[in-house]
There are 2 protein chains.
Amino acid sequence: MPQPQTADPRADRTRLSSADWEAGALDLLAEQGVTAVAVEPLARRLGVTKGSFYWHFPSREALLKAALERWEKLDEETVFEPLEEIADPAERLRELFVRTSKEMRSHVLYSELLKALDHPVVQPVMARVSQRRIHFLMQAYRSLNFSRKDAMNRARLAYSAYVGFLQLMLQLKLTRMSVEEFDAYVGHVVETLIPAA
Amino acid sequence: MPQPQTADPRADRTRLSSADWEAGALDLLAEQGVTAVAVEPLARRLGVTKGSFYWHFPSREALLKAALERWEKLDEETVFEPLEEIADPAERLRELFVRTSKEMRSHVLYSELLKALDHPVVQPVMARVSQRRIHFLMQAYRSLNFSRKDAMNRARLAYSAYVGFLQLMLQLKLTRMSVEEFDAYVGHVVETLIPAA
DNA sequence: GCTTGTCAATACGGCGGCGTATGGTGTTAC
DNA sequence: GTAACACCATACGCCGCCGTATTGACAAGC
């Protein structure tokens, strides 16, 4: 075809790499959940057929695994490493609670993964990520002179509250809160779960 | 009954009713999630074929709907109505938090449903149930002289903590807690989220 | 310019679930 | 004892997904 371009999906004429498939998988995952990350739908979405897919990956499972490991690494770098620099533990906690208001994409992904914890590929990734996050919380509470047990319990409580809120907001969509309401809620959580300076 | 019996599934030779299918659906749901509630597997489990199923229900969706409505009614009767009788609001809250330690089956079911909130049949049921529960919490906090906004936020926080803990415990199985640890955690939550008398 | 390597299309077989059609069996009613 | 009803089996067609096999297109290297 001498024609320069058609207007369909796949506007750029470049071929696809493994990374493209992984990125597309994460997009689909965020939008419609783990089960929606299927080879043929994803191929359609990318404007090719699955003949291409199986050149890059041996199976659907392999794609999921690669995509989740990519997400895991990226998540760690963008949300937790920046917080390590905040010296004051109470302030660090407060920042953690507040910063997570933005970056919706990360929450949406995490929320979808929460719904697929029975999946053998998803489970270990989520176990690692959640473990790290809870541990981060616990360390912070330890710095605030919580006993070992209290720090553990408060960390569990705080993280449970985060996880539950995600499900209620993003999945159940029970309470469509305004920005002010949301900020007020976060304020309430901070007051309740972080001891006053 | 003339025949004593055979030892295979379906030990009793009685035929099945709609209620049997609904009960079986809830069993499967608790064990393997919403997607596992499929006609043919369920029929196999009950020792019949789907020829039977489609006499009782027009579709899989209809079964799911009926089963969930049965669960909703039963849930309301067994967990919330008994609590209405406790006059003191703080005590009522404490009892709610503690009693839910037992009755694992109810939690397991709720937890599986949380993973299927995108399903059109599941969503409205969960919206009603969760709404009622949060409202119950809010009323209790109002009785404890919380402002309207504070009561709402604290109720959201408490329920989020419940929901999140469910996912972390039952689905992620991150922390295999002993009975004492669990009780200690519940104690911590009560102290943190319910004002002292 | 011809080969090699990379990405992609097509076509195929298989599996598991949904829903339909039709016929069969036991129980109950009279 | 026969007719009506309630429940169940069998067999079928459909769809969506997985994974394989084969061939094709296009670029780079030499």
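Naming: A, B, ... by sequence-line order, numbering from 1 per chain. Here the structure is a predicted model, which is why all the values come from computation and not from measurement.
When the side-chain nitrogen and oxygen atoms of H56(A) are compared with OP1 and OP2 of dT6(C), none of them lie within a distance under 4.0 Å.
The salt bridge (charged side-chain N to carboxylate O under 4.0 Å, His left out) contacts involving residues 184-196 of chain A comprise nothing, where partners must be two or more places apart or lie in separate chains. Applying the side chain to side chain donor-acceptor pair (under 3.5 Å) definition to pairs two or more places apart or across chains, those involving residues 158-173 of chain A are H107(A)-Y162(A), Y110(A)-Y159(A), S111(A)-Q167(A), S111(A)-Q171(A), E112(A)-Q171(A), K115(A)-Q171(A), R133(A)-Y159(A).
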Look for any protein N or O under 3.5 Å of an N or O in nucleotides 24-29 of chain C and output each such pair with its distance, or none.
none

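Counting to the nearest Å, the C1' atom of dG16(C) and the CG atom of L42(B) are 16 Å from each other. Distance CH2 (W55(B)) to P (dC7(D)): 4 Å, rounded to an integer number of Å. The distance between atom CG of L16(A) and atom P of dA25(D), rounded to the nearest whole Å, is 19 Å. At whole-Å resolution of the value, CG in L63(B) and P in dG19(C) are 11 Å apart.
Qualifying ring-ring contact (aromatic ring centres under 6.0 Å, His included) partners for F53(B), counting only residues two or more places apart in sequence or in other chains: W21(B), F57(B). Listed by chain and residue number, H188(B), T192(B) satisfy the side-chain hydrogen bond (donor to acceptor under 3.5 Å, both in side chains) test with R154(A) (two or more places apart in sequence, or in another chain). Residues satisfying the side-chain hydrogen bond (donor to acceptor under 3.5 Å, both in side chains) test with E77(A), not counting sequence neighbours, are none. Every residue two or more places apart in sequence or in another chain was checked for a side-chain hydrogen bond (donor to acceptor under 3.5 Å, both in side chains) with T35(B), and none qualifies. The side-chain hydrogen bond (donor to acceptor under 3.5 Å, both in side chains) search around Q123(B) returns none, not counting sequence neighbours.
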- [ ] If a protein heavy atom is under 4.0 Å from the base, mark B; if only from the sugar-phosphate, S; if neither, -; do that for nucleotides 16-22 of chain D going 5' to 3'.
- [x] -BBBB--

Task: Full working for side-chain contact (heavy atoms from CB on, under 4.5 Å) between F136(A) and L96(A) - done: CA-CA 10 Å; F136(A) 176 90; L96(A) 171 61; 3.7 Å; yes

